[in-house]
Amino acid sequence: MDIRTQTLPPGWRIEAAGPFPDTRRCVLRLIGPDGEDASWDVDEQAPQCDAVKRLAVALALTGESYRDDDDRPGQLLVP
C-alpha cells in the first residue's frame, strides 16, 4: 500500500463528518474549485461510516483547515 502523503489539487476540498445525531448517518463530501459537489451519505452501521469517522479525525488532527468558513454547522464527530 502506498502511504505517501496525499493532497487534493488546488481549489478542491474534502469534508468528512458524522454520525449526526438527527440522522445517524456519516457524510463524505468532495467539493471542486467551481462549486461542483459530490456527496456520499452512509448509514452509521455500514462499514464505510467507520472510514468516514476515521478520516474526519485524521483531518482534525492535521491542524489544517479542510473546509472554508461558511454558515454550515461544524464537525459533529464525537470521539
Should S39 and D37 be marked as a side chain to side chain donor-acceptor pair (under 3.5 Å) after you check the CA-CA gap, both sets of side-chain angles, and the distance that decides it? CA-CA 6 Å; S39 295; D37 185 331; 3.1 Å; yes

On a heavy-atom basis, which atom in A16 and which in A56 lie closest, and how many Å separate them? O-CB, 3.1 Å

To check you understand the geometry: which heavy-atom pair defines the closest contact between K53 and C26, and what is its length? CG-SG, 4.1 Å

Apply side chain to side chain contact (heavy atoms under 4.5 Å, CB included) to V27 and E15, showing your working. CA-CA 8 Å; V27 178; E15 298 176 14; over 6 Å; no

Cluster overlap W12 with V52, hydrophobic side-chain contacts below 4.5 Å: yes

Under the salt bridge (Lys or Arg N to Asp or Glu O under 4.0 Å) test, residues paired with D43 that sit two or more places apart: R25

Output for pair (I31 CD1, L8 CG), nearest 0.5 Å, gives 9.5 Å

The criterion is side chain to side chain contact (heavy atoms under 4.5 Å, CB included); which residues satisfy it with W40, sequence neighbours excluded? L28, L30, A38

Output all residues satisfying side-chain hydrogen bond (donor to acceptor under 3.5 Å, both in side chains) with Q48, sequence neighbours left out; order by chain, then residue number. none

